[in-house]
Amino acid sequence: MYGLLFLVGSNFGIIDDYVIAQTLLIGKDLPYFIMEDIGRYFPLNGQDIAIISKVSIAPSAFYFYNLLQFLFIIYLIVKLLTYLFGKNYKNLFYILILILILSPGFSTSWFRLLVPERGAILFLSVFIYCYIYFQDKQSNSMLIIGVVAAAISLFYKETMFILVGGLSLYHFIFGYRILTIKQKIFDILLILTSISWLLIYYSLVYINKGEAMYGEGVSGQFSSFLKQVLSFSLSDPFALFLLPTLFVVRLYAIIKNNERINPLYDGLVFASILYILTYLKLGIYNYYYLLPIYIYGIIAIVFFLLKKRYFSNIYIKIALILSIILFTFGSFPLGLHSISHYKNTPYNYQKSLSFLTDYINNSDNKLVIHIDGIKGSNNEPVVSVDKYLSYYGVDNDKYTLTYGEDYNNKDLIFITSSTMININDEYFSNLLINYKIIFMKKATFEVPDFSFRALIKSALIKYKPVYVNNHNITHKSDFYILKKIDDKND
């Protein structure tokens, strides 16, 4: 049922997908995502759907591939957990899968097209499946497929080398005395793969970077750090509370109680913690940034909490209870809202663009169209509208797009789902003094955002609005087009 949602009403959205409209939809190649000026390097993102576009450019074709990815990853996770821990815990495995797919990071990644974490997770899952099976079987085919899959995952997301390199380095160092030659070779190949990626990144990107790296503007600011930790806590509570607690408990057990290091499972936890710390250092946040560590974290948590009976540890219990509470009232409702939002927004957006295209083409005058609620440098919705209008054949001499605070004396106002303004009665009452609504497309059904995050945001907007940049509390998938009232004709 969840997977079928990928196909129902699928369409191209307002964020990122305009790149597809300017390339794949008109027979051009999708560019490799390499942005040296800000230090970004994830060249394989979207190249899989570029292959699909050779057969079909329908949105349903691209989302059918998302469905296949989804089914394959779930299959690998369940099969791997069953192999490691037996069939007695299958109900628990399905609960963990539900936590994964209902998280806002997963829903955002799978209900959009150009999110690099999705491809990274696909190949990371193949890698960890082969890696763990190899520890017992030591099959040459598992080694080859595992190394290739790990290498591919690195080119979907820059930070993936931490998960691949962190696990293999930990496993090699702390398992050196007990590992076979083949196991050591596997680890060495993975370490060399990670180092090779770093060298490629340094030579192609880092030495050519501009004045500011991605995320450098907020990194190091304590207030931004607190906001980032709070955001991750509400969207990924198991990653922010349970995994770090497990890491500390294991460290204490190894140092104080002389427990033996488990090169594999401790390595999974170690690499996950490194991954989390990397994003905290970068100072950037999005729902899906920590998503890859779920692949490692699920395996490690089941092993230590059930097989090693760490569930009885008081600190683990506290972290687990806190994570469950935050997931139930923070992550889960946000995940449901994200699913409905990314199902409704593309459809409503394309309907709005269709109306706007006809309106511009039928106008005798050049129109000034204001994209309302777009603040600062976050002008991607403006770029998106411009690119799509071009794709739909609208002459750019027939319109001008503006954004910012001043919407006065504009011919049209376009309100999108990406607006950063709180869309309420007061907002519309001010607009409708000089404008009238000529087009409106609302979601047929949308799950409201009743998460902790939304409640905290509402309170801050009411009492400390200076701390909130985006005042769009409800984040609905609604679109409006308003026309300036002409006293002579209106």
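Position 1 is the first residue of the sequence, and the numbers go up from there. Note that the structure is a prediction, hence the values are computed from the model and not measured.
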Student: If you apply the rule salt bridge (charged side-chain N to carboxylate O under 4.0 Å, His left out), what do you find for D397 with K366, and how did you get there?
Tutor: CA-CA 7 Å; D397 290 334; K366 184 175 182 177; 5.6 Å; no
Student: Are F123 and Y156 close enough that their ring centers fall under 6.0 Å?
Tutor: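 Distance test on ring centres: under 6.0 Å, yes.
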Student: Say you draw a straight line from CD1 of I132 to CG of L80; how long is it, rounded to the nearest 0.5 Å?
Tutor: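 Result: 4.5 Å between the selected atoms.
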Student: Which residue, F33, Y32, Y201, W197, forms the ring-ring contact (aromatic ring centres under 6.0 Å, His included) with F42?
Tutor: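 Exactly one option meets the ring-ring contact (aromatic ring centres under 6.0 Å, His included) with F42, and it is F33.
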Student: Is the CG atom of N408 crowded by more than 12 outside heavy atoms at less than 6.0 Å?
Tutor: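 Correct, the count exceeds 12.
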Student: Checking K209 against Y206: charged group under 6.0 Å from the ring centre and within 45 degrees of the axis?
Tutor: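 The answer is yes; both the distance and angle limits are met.
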Student: Tell me if the aromatic rings of Y285 and Y279 count as close, with their centers under 6.0 Å from one another.
Tutor: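 Judged by ring-centre distance (under 6.0 Å), Y285 and Y279 do not meet the cut-off.
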Student: Do the side chains of D411 and K483 get close enough for a salt bridge, i.e. N-O under 4.0 angstrom?
Tutor: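 A salt bridge is absent here (no side-chain N lies under 4.0 Å from a carboxylate O).
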Student: Any side-chain donor paired with an acceptor under 3.5 Å for T108 and Y342?
Tutor: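 Their side chains do not contain a donor-acceptor pair, so the 3.5 Å distance test is not met.
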Student: Kindly compute the distance separating CD1 (I413) from CD1 (I371), expressed to the nearest 0.5 Å.
Tutor: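 If we round to the nearest 0.5 Å, I413:CD1 and I371:CD1 are 10.0 Å apart.
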Student: Is the distance between the ring centroids of Y388 and Y349 under 6.0 Å?
Tutor: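 Y388 vs Y349: aromatic centres under 6.0 Å.
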Student: Using a strict cut-off of less than 4.0 Å between a Lys/Arg side-chain nitrogen and an Asp/Glu carboxylate oxygen, indicate whether K476 and E446 qualify as a salt bridge.
Tutor: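 E446 and K476: not salt-bridged.
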Student: Measure up the F155 and Y41 rings against each other and bin them: parallel (under 30°), tilted (30 to 60°), perpendicular (over 60°).
Tutor: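 Rings of F155 and Y41: perpendicular, as their planes differ by over 60°.
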Student: For the rings on F428 and Y480, is their centre-to-centre separation under 6.0 Å?
Tutor: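 Under 6.0 Å, so yes.
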Student: Could you tell me whether the side chain of S56 and the main chain of I52 form a donor-acceptor pair under 3.5 Å?
Tutor: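 No; zero donor-acceptor contacts below 3.5 Å.
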Student: Short question: side chain of K398, backbone of I360 - any donor-acceptor pair under 3.5 Å?
Tutor: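 Yes; at least one donor-acceptor contact below 3.5 Å.
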Student: Looking at the rings of F6 and F70, which for Trp means the six-membered one, are their centres under 6.0 Å apart?
Tutor: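 F6 vs F70: aromatic centres under 6.0 Å.
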Student: Do F111 and L5 come close enough that some side-chain heavy atom pair is under 4.5 Å?
Tutor: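 They are in side-chain contact.
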Student: Using modelled atom types only, decide if a donor and an acceptor are shared between the side chain of S203 and the backbone of L199 within a distance under 3.5 Å.
Tutor: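 A pair under 3.5 Å: yes.
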Student: Mark yes when over 12 heavy atoms from residues, nucleotides or ligands other than Y65 sit less than 6.0 Å from its OH; otherwise mark no.
Tutor: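 Yes, because the 6.0 Å sphere around OH of Y65 holds more than 12 heavy atoms from other groups.
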